[in-house]
Amino acid sequence: MKTMINTIILLTLTTVITSCGMQSIPTAKNEVEAQWAEVQNTYQRRSDLIPNLVATVKGYASHEKETLEAVISARAKATQITVDPTKLDANSLGKFQQAQGSLSQALGKLMVISERYPDLKANQNFRDLQIQLEGTENRISVARKRYIESIKRYNNLITVPPTSWFNSMFYKHEKAPQFKVDNLDEVKQAPKVKF
């Protein structure tokens with residue numbers, strides 16, 4: 001009888017421990033790291049397109065040197081910042097976001113310049129690069145969305161019972177950082193369209 005009770009207790013404990021995050025927390029952490037790698041991959045794709053885009057624009061708008069140099073500089077800064085997904089914290093994510101935001105702004109200025117040059121806009125290489133860049137921006141958006149969702153799942157496992165109990169007993173994982181909108185006031189304002 002005592003052996004049977006011990007077996008029942010052992011099976012109950014095993015079931016409780018398994019359902020409380022023994023596998024789900026590490027699995028969720030691995031998913032976060034994989035999604036972060038995809039975010040970095042899509043930003044790298046954008047970074048790889050920029051030298052070709054700058055070279056094409058330079059041929060048509062060489063006197064726009066300041067803007068071209070700003071894009072090259074922002075790209076250099078953005079590619080210097082790498083974040084280890086196993087050591088991702090709010091500070092490193094913030095630096096990464098800031099560098100990528102600066103690059104996005106510089107690219108935006110470059111696209112505005114292209115509007116001034118009808119021959120450039122008609123250039124097939126430029127149009128192809130612009131389409132690839134737009135597609136890459138969409139990929140970045142999708143990758144960030146997937147990362148945000150994986151962080152939400154992971155943070156829920158860390159903070160919501162019963163898995164949070166297992167985390168507090170054995171793992172001691174902290175919540176993972178999320179992407180934040182830096183210039184919320186700028187985002188709230190609708191862009192001005194001029195014809």
Please tell me if the side chains of Y154 and E31 come closer than 4.5 Å, counting only heavy atoms from C-beta onward. no
Less than 4.5 Å apart, side chain to side chain, heavy atoms only: is that true for F96 and N91? no
L107 side chain near S104 side chain, heavy-atom distance below 4.5 Å: no
Would you say the side-chain atoms of Q130 and R127 include a donor-acceptor pair closer than 3.5 Å? no
Quick one: which of I140, L133, T136 gives a side-chain contact (heavy atoms from CB on, under 4.5 Å) with R45? T136
Using distance alone, with no hydrogens and no angle criterion, decide if R144 and Y43 have a side-chain donor and acceptor under 3.5 Å apart. yes
Lys/Arg-Asp/Glu bridge criterion (N-O < 4.0 Å) met for R46, E137: yes
Side-chain contact, heavy-atom cut-off 4.5 Å: S73 with K77? yes
Side chains of T3 and N6: any donor to acceptor distance under 3.5 Å? no
Between Q40 and V83 (side chain of the first, backbone of the second, donor and acceptor by atom type, cut-off under 3.5 Å), is there such a pair? yes
Is there a donor-acceptor contact under 3.5 Å linking the side chains of Q44 and D48? yes
Contact check, side chains of S150 and E33, non-hydrogen atoms, under 4.5 Å: no
Decide yes or no for Y117 and F126: does some side-chain heavy atom of the first lie under 4.5 Å from some side-chain heavy atom of the second? no
Assess whether side-chain hydrogen bond (donor to acceptor under 3.5 Å, both in side chains) is satisfied between S47 and R75, documenting all intermediate values. CA-CA 6 Å; S47 182; R75 179 190 179 270; 3.2 Å; yes
Do K109 and E66 make a side-chain contact, defined as non-hydrogen atoms from C-beta onward lying under 4.5 Å apart? no
Ignoring hydrogens and angles, state whether a donor on the side chain of Q132 or D128 is under 3.5 Å from an acceptor on the partner side chain. no
Let's go through L103 and I50 carefully: what are the C-alpha distance in whole Å and the side-chain angles of both, what is the deciding distance for side chain to side chain contact (heavy atoms under 4.5 Å, CB included) to 0.1 Å, and is it a yes or a no? CA-CA 10 Å; L103 181 54; I50 291 171; 3.5 Å; yes
After noting the C-alpha distance and the side-chain angles of Q35 and V39, does the key distance pass the side chain to side chain contact (heavy atoms under 4.5 Å, CB included) rule? CA-CA 6 Å; Q35 291 301 329; V39 168; 5.8 Å; no
